[in-house]
Amino acid sequence: MTQSQSGSLPPVLEARGLTKHYAHVVAMDDCDFDLRPGEILAVIGDNGAGKSTLIKSLTGAVIPDAGTLRLNGEAVQCRSPLDARDAGIETVYQELGVAPALDISQNLYLGRERRRAGILGTVFR
Ligand SMILES: Nc1ncnc2c1ncn2[C@@H]1O[C@H](COP(=O)(O)OP(=O)(O)OP(=O)(O)O)[C@@H](O)[C@H]1O
Ligand SMILES: [Mg+2]
């Protein structure tokens, strides 16, 4: 899909006014963005600008103090990474969160591999 095609489609993910404070520190201030199908959105900023806070807010690892998220037009409130995963939003963290002995797909599905049914799946996977 080209950029001009995706630009005419409704956003998959819309953030409005996302804000997070830690005491007197403003970690994220009134952040808005639209993410359309097929788009890749890069977030850049100085150290401490709030990039990680934004990503964590999308995946329920951080609960914003204010702001809204809409996924495919529906309001969502991810209170935990499991909520976000159920909604189809996940984070792949940098090197420390990756198992170098596994391939890319194994890393992506780490911890939720398909198991056999019953006790065999519990014990032997
Ligand atoms: N759990 C926390 N407790 C207190 N302050 C925090 C916490 N997390 C982030 N901050 C502060 O919020 C601000 C934004 O931090 P954040 O980690 O989101 O920035 P960043 O853009 O990801 O920085 P970096 O480029 O260093 O990864 C910083 O001032 C940081 O010290
Ligand atoms: Mg960071």
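Both counts, for ligands and for their atoms, begin at 1 and track the order of listing.
A distance of 11.5 Å separates CG of L13 from CZ of R36, quoted to the nearest 0.5 Å. Between atom CG of residue N47 and atom OG of residue S52 there is a gap of 9.5 Å, rounded to the nearest 0.5 Å. Separating the OG1 atom in T53 from the CG atom in D29 is a distance of 12.0 Å, to the nearest 0.5 Å. Rounding to the nearest 0.5 Å gives a distance of 6.5 Å between CD1 of I89 and CG of L69. Atom CZ of residue F33 and atom CG of residue L18 lie 7.0 Å apart, to the nearest 0.5 angstrom. How far OG of S57 is from NZ of K20: 7.5 Å, rounded to the nearest 0.5 Å.
Protein heavy atom in closest approach to atom 25 (O) of ligand 1: K51 NZ, 2.7 Å. When hydrogens are left out, the protein atom nearest atom 27 (O) of ligand 1 is S52 OG, 3.9 Å; that is the closest non-hydrogen contact. The protein atom (non-hydrogen) at minimum distance from atom 26 (O) of ligand 1 is N47 ND2, 3.2 Å. Of the protein's non-hydrogen atoms, T53 OG1, 2.5 Å is the one closest to atom 18 (O) of ligand 1. A27 CB, 3.2 Å is the protein heavy atom nearest to atom 12 (O) of ligand 1. Closest to atom 14 (C) of ligand 1 among all protein heavy atoms lies G48 O, 3.3 Å. For atom 9 (C) of ligand 1, the nearest non-hydrogen atom of the protein is Y22 CE1, 3.7 Å. Annotation: atom 11 (C) of ligand 1 to nearest protein heavy atom, V25 CG1, 4.0 Å.
Around the Mg ion (ligand 2), the protein contributes the following N, O or S atoms at distances under 2.8 Å: S52 OG.
Remark: side-chain polar atoms of D34 are not paired, donor with acceptor, to backbone N or O of P11 under 3.5 angstrom. Listed for the D32 side chain is a donor-acceptor partner under 3.5 Å among the backbone atoms of G17.
The protein does not reach atom 30 (C) of ligand 1 closely, with no heavy atom under 4.0 angstrom from it.
Grouping the Ile, Leu, Val, Met, Phe, Trp and Tyr side chains by contacts below 4.5 angstrom, directly or via other members, places I55 apart from L82.
At least one side-chain heavy atom of C31 sits under 4.5 Å from a side-chain heavy atom of L54. You'll find the side chain of M28 stays beyond 4.5 Å of the side chain of T19, heavy atoms only.
Within the 4.0 Å heavy-atom cutoff, D46 counts among the residues contacting ligand 1. Using a non-hydrogen distance threshold of 4.0 Å, G50 registers as a contact of ligand 1.
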